[in-house]
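Remember, it's 1-based here, ligands and their atoms both numbered in the order they're listed.
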Amino acid sequence: MKIAIGNDHAAPELKLAVKAHLEERGFTVVDMGCAPGERCDYPDTAADVCRKVVSGECELGILICGTGLGMSYAANKVKGIRAACCSDYFSARLSREHNNANVLCFGARVVGEGTALDLADIFVDTPFSGDERHQRRLDKITAIEENGI
Ligand code: RB5
């Protein structure tokens with residue numbers, strides 16, 4: 001599986017830790033974030049990662065900023081993206097099983113490295129259930145995206 005990852009200046013070290021962990025597990029990780037010492041605006045990075053996901057080049061994306069919030073706001077503006085901002089394992093699992101999220105966001109000022117690696121593992125390892133009732137609700141989200149409210 002190919003995973004796009006991105007971060008702003010609040011999270012370069014945590015991004016490198018998550019990237020190394022996923023690569024050790026055999027995933028190909030496309031790094032769209034800024035390096036330690038650099039600064040960047042989270043909407044730009046979110047757009048870069050989401051472009052990789054909606055184009056199909058990467059199956060899933062991971063975005064890390066200070067809180068995970070700004071990244072998730074920006075990512076959820078992109079057509080076809082369902083971004084989940086999670087700091088607990090239950091939400092990370094359900095974001096995949098029920099919501100078929102394709103981008104995981106979390107905050108480097110919120111979670112420590114151990115939790116971040118576990119969140120990433122849960123997210124990439126959990127499939128969408130495919131259940132009809134969940135798909136129906138996702139289709140309603142897509143309808144809002146297509147037609148507005
Ligand atoms: C940058 O200082 C910070 O605002 C950003 O990383 C993020 O937390 C925004 O949601």
Looking at Phe123, is Arg96 sitting on its ring face, NZ or CZ under 6.0 Å from the six-membered ring centre and within 45 degrees of the normal?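 Checked: cation-pi criterion met.
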
Does Met71 have a non-hydrogen atom less than 4.0 Å from ligand 1?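 No, that is not the case, since the closest heavy atom of the residue is not under 4.0 Å from the ligand.
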
Shortest protein contact, [atom] (heavy atom only):
atom                    : value
atom 1 (C) of ligand 1  : His9 NE2, 3.6 Å
atom 10 (O) of ligand 1 : Gly70 N, 2.9 Å
atom 9 (C) of ligand 1  : Tyr42 CE2, 3.5 Å
atom 6 (O) of ligand 1  : Asp8 OD2, 2.6 Å
atom 2 (O) of ligand 1  : Arg109 NH1, 3.5 Å

Show me the side-chain donor-acceptor pairs of residues 12-30 shorter than 3.5 Å, one per line, residues at least two apart or across chains.
| residue | atom | partner | partner atom | Å |
| --- | --- | --- | --- | --- |
| Lys15 | NZ | Asn7 | OD1 | 2.6 |
| Lys15 | NZ | Asp31 | OD1 | 3.1 |
| Lys15 | NZ | Asp31 | OD2 | 3.2 |
| Lys15 | NZ | Cys34 | O | 3.3 |
| Lys19 | NZ | Asp31 | OD2 | 3.3 |
| His21 | NE2 | Asp121 | OD1 | 2.8 |
| His21 | NE2 | Asp121 | OD2 | 2.9 |
| Arg25 | NH1 | Asp121 | OD1 | 2.8 |
| Arg25 | NH1 | Asp125 | OD1 | 3.4 |
| Arg25 | NH1 | Asp125 | OD2 | 3.2 |
| Arg25 | NH2 | Asp125 | OD1 | 2.9 |
| Arg25 | NH2 | Asp125 | OD2 | 3.4 |

Would you tell me whether Asp131 and Gln135 have side-chain atoms, one donor and one acceptor, within less than 3.5 Å of each other?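 No, no side-chain donor-acceptor contact under 3.5 Å.
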
Could you list which atoms of ligand 1 come closer than 4.0 Å to a heavy atom of Gly66?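 Reading through ligand 1 atom by atom, the close ones are 5 (C), 6 (O), 7 (C), 8 (O).
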
List every atom of ligand 1 that sits less than 4.0 Å from any heavy atom of Ala10, numbering the atoms from 1 in the order shown and giving each element.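 This gives 6 (O) as the contact atoms.
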
Please work out whether any backbone atom (N, CA, C, O) or any side-chain heavy atom from C-beta onward of Cys65 is under 4.0 Å from ligand 1, and answer side chain, backbone, both or neither.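 Cys65 to ligand 1: contacts from backbone and side chain alike.
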
Any idea which part of Thr67 is under 4.0 Å from ligand 1, heavy-atom wise: side chain, backbone, both or neither?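 Both parts.
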
Using a 3.5 Å distance criterion without hydrogens, assess whether the side chain of Arg82 forms a donor-acceptor pair with backbone atoms of Val103.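 No, the answer is negative, given that no donor and acceptor are paired below the 3.5 Å cut-off.
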
Tell me whether Glu145 contacts the main-chain N or O of Gly80 through its side chain, where contact means a donor paired with an acceptor under 3.5 Å.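 Checked: pair present.
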
Validation: residues 38-45 side-chain donor-acceptor distances under 3.5 Å, sequence neighbours left out:
| residue | atom | partner | partner atom | Å |
| --- | --- | --- | --- | --- |
| Glu38 | OE1 | Ala35 | N | 3.0 |
| Arg39 | NH2 | His9 | NE2 | 3.2 |

Salt bridge check, Lys52 against Glu57: does any charged N sit closer than 4.0 Å to a carboxylate O?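 Answer for the salt bridge query: yes.
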
